[in-house]
Amino acid sequence: MKILITAGPTREPLDPVRYLTNRSSGKMGYALAHAAAHDGHQVLLISGPTDLDVPDGVDFIPVETAAEMFEAVQDSLSRMDAAIFAAAVADYRPATAAEQKIKKSGETLTLELVRNPDILGSCRSHFGFTGTLVGFAAETEHLAAHARTKLEKKGCDLVVANDVSQPGIGFDSDRNAVLLVFPDRIESLPEDDKHQLAHRIIQEIEKIPRD
Ligand code: CTP
Ligand code: CA
């Protein structure tokens, strides 16, 4: 298969020296890219800034903002058989990015933020993508219920749900535990190394029937 994977955080500039971002090491997305390439798939990794090395044999488009990630996905999605959205995309960006460094003044500062496009949420409705669609859901409560809502709303074949309130796994960690939420069933993958989990997730994606 040709598989597109988004990974890492996005950076939304406030001024030349500051940005808003999400907590994300990119490890899960890069592990998925590595596992998919290892299984013989042709992988395109579209990633925000991380400290990680691009896995061997993986095509790579580096991006910074959600808008750049949206464009890179839009440009390549029609060539893909499957797309996995592991990126932690900033839901909002500053309404304006100042050209010069913002100087401090006063005791409080109010930022105006505007919504970023939902990249995964645009795949079915906007881009007309008919391939296998896999999302992630980072939640602090009601994991399965919130993941199911995202699965249905975004037209996914699978949502990989992460409980980000559990200490020691998830963010920055080499380990994770996830729920695989399919339209008709839920499977739990207990805590494991992100590379092992990535292999299991790719195997599950390979099993999803394609038309
Ligand atoms: N996602 C995306 N573009 C966005 C926001 C999210 O592609 N602008 C993708 C993520 O990569 C992930 C999925 O949508 O695969 C769910 O992301 P999440 O932040 O958990 O959900 P949201 O839909 O943004 O809802 P909320 O943050 O309000 O829970
Ligand atoms: Ca979000």
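Order of appearance sets the numbers: ligands from 1, and atoms from 1 within every ligand.
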> Does even one non-hydrogen atom of G121 get within less than 4.0 Å of ligand 1?
Replying inline: no
>> Considering D118, T140, T149 one by one, which has a heavy atom nearer to atom 1 (N) of ligand 1 than any of the others?
In response: D118
>> One residue to check: H146. Relative to ligand 1, which of side chain, backbone, both or neither has a non-hydrogen atom less than 4.0 Å away?
In response: neither
>> Name the residue from H195, K194, K27 that meets the side-chain hydrogen bond (donor to acceptor under 3.5 Å, both in side chains) definition with D174.
In response: K27
Side chains of residues 83-107: which donor-acceptor partners sit under 3.5 Å, not counting sequence neighbours?
unit_1: R93; atom_1: NH1; unit_2: R115; atom_2: O; d: 3.2
unit_1: R93; atom_1: NH1; unit_2: N116; atom_2: OD1; d: 2.8

>> Please find the pair of heavy atoms, one from M80 and one from L44, that lie closest to each other, and give the distance.
In response: CE-CD2, 3.9 Å
>> If you take the nearest heavy atom of each of R115, K150, K153, E139, which one is closest to atom 26 (P) of ligand 1?
In response: K150
>> For R200, is there an ion pair with D192 - N to carboxylate O distance below 4.0 angstrom?
In response: no
> Taking only heavy atoms of D91, which atoms of ligand 1 are found under 4.0 Å from at least one of them?
Replying inline: 5 (C), 24 (O), 27 (O)
>> Restricting to under 3.0 Å, identify the protein N, O or S atoms around the Ca ion (ligand 2) as residue plus atom.
In response: D91 OD1, D91 OD2
> Considering F70, F85, Y92, which one's heavy-atom position lies nearest to atom 15 (O) of ligand 1?
Replying inline: F85
> Side chains of Q74 and H126: donor-acceptor distance under 3.5 Å anywhere?
Replying inline: no
> Just how far is it from atom CD1 of I5 to atom CZ of F60, taken to the nearest 0.5 Å?
Replying inline: 12.0 Å
>> Can you confirm whether some protein heavy atom lies under 4.0 Å from atom 23 (O) of ligand 1, or whether none does?
In response: yes
> Who's the nearest protein heavy-atom neighbour of atom 8 (N) of ligand 1, and how far?
Replying inline: P117 O, 2.8 Å
>> I want to know if ligand 1 touches A137 in the polar sense, i.e. an N/O pair below 3.5 angstrom.
In response: no
>> Check this for me: Y19, atom OH, are more than 12 non-hydrogen atoms of other residues, nucleotides or ligands nearer than 6.0 Å?
In response: no
>> If you take the nearest heavy atom of each of A86, A67, A87, which one is closest to atom 10 (C) of ligand 1?
In response: A87
>> If you compare all heavy atoms of A7 against all heavy atoms of L45, which two are closest, and at what distance to 0.1 Å?
In response: CB-CD1, 3.9 Å
> What distance do S25 atom OG and D51 atom CG have between them, rounded to the nearest 0.5 Å?
Replying inline: 9.0 Å
>> Please find the pair of heavy atoms, one from A36 and one from I202, that lie closest to each other, and give the distance.
In response: CB-CD1, 3.8 Å
> What protein heavy atom sits nearest atom 14 (O) of ligand 1, and how far off is it?
Replying inline: K154 NZ, 3.1 Å
> Do the side-chain N and O atoms of S47 and Y30 include a donor-acceptor pair separated by under 3.5 angstrom?
Replying inline: yes
Sequence neighbours excluded and cut-off under 3.5 Å, please list the side-chain donor-acceptor pairs for residues 133-146, or say none.
unit_1: E139; atom_1: OE1; unit_2: H146; atom_2: ND1; d: 3.4
unit_1: E139; atom_1: OE2; unit_2: K150; atom_2: NZ; d: 2.5
unit_1: H146; atom_1: ND1; unit_2: E141; atom_2: O; d: 3.2

> How close does the nearest protein non-hydrogen atom get to atom 3 (N) of ligand 1, and which residue and atom is it?
Replying inline: I119 N, 3.0 Å
> For ligand 1, which atoms have a heavy atom of G135 less than 4.0 angstrom away?
Replying inline: 15 (O)
> So, the side chain of R11 versus the backbone of A66: is there a donor-acceptor pair under 3.5 Å, distance only?
Replying inline: no
>> Below 4.0 Å, non-hydrogen atoms only: which portion of A66 touches ligand 1? Side chain, backbone, both or neither.
In response: neither
>> Is there a polar contact, in the sense of an N or O pair closer than 3.5 Å, between N116 and ligand 1?
In response: no
>> As an exercise, identify every atom of ligand 1 less than 4.0 angstrom from a heavy atom of L120.
In response: 2 (C), 7 (O), 9 (C), 13 (C), 14 (O), 15 (O)
> Can you name the residues that form a side chain to side chain donor-acceptor pair (under 3.5 Å) with Q166, not counting sequence neighbours?
Replying inline: none
> At what distance is the nearest protein heavy atom to atom 16 (C) of ligand 1, and which residue and atom is it?
Replying inline: F136 O, 2.9 Å
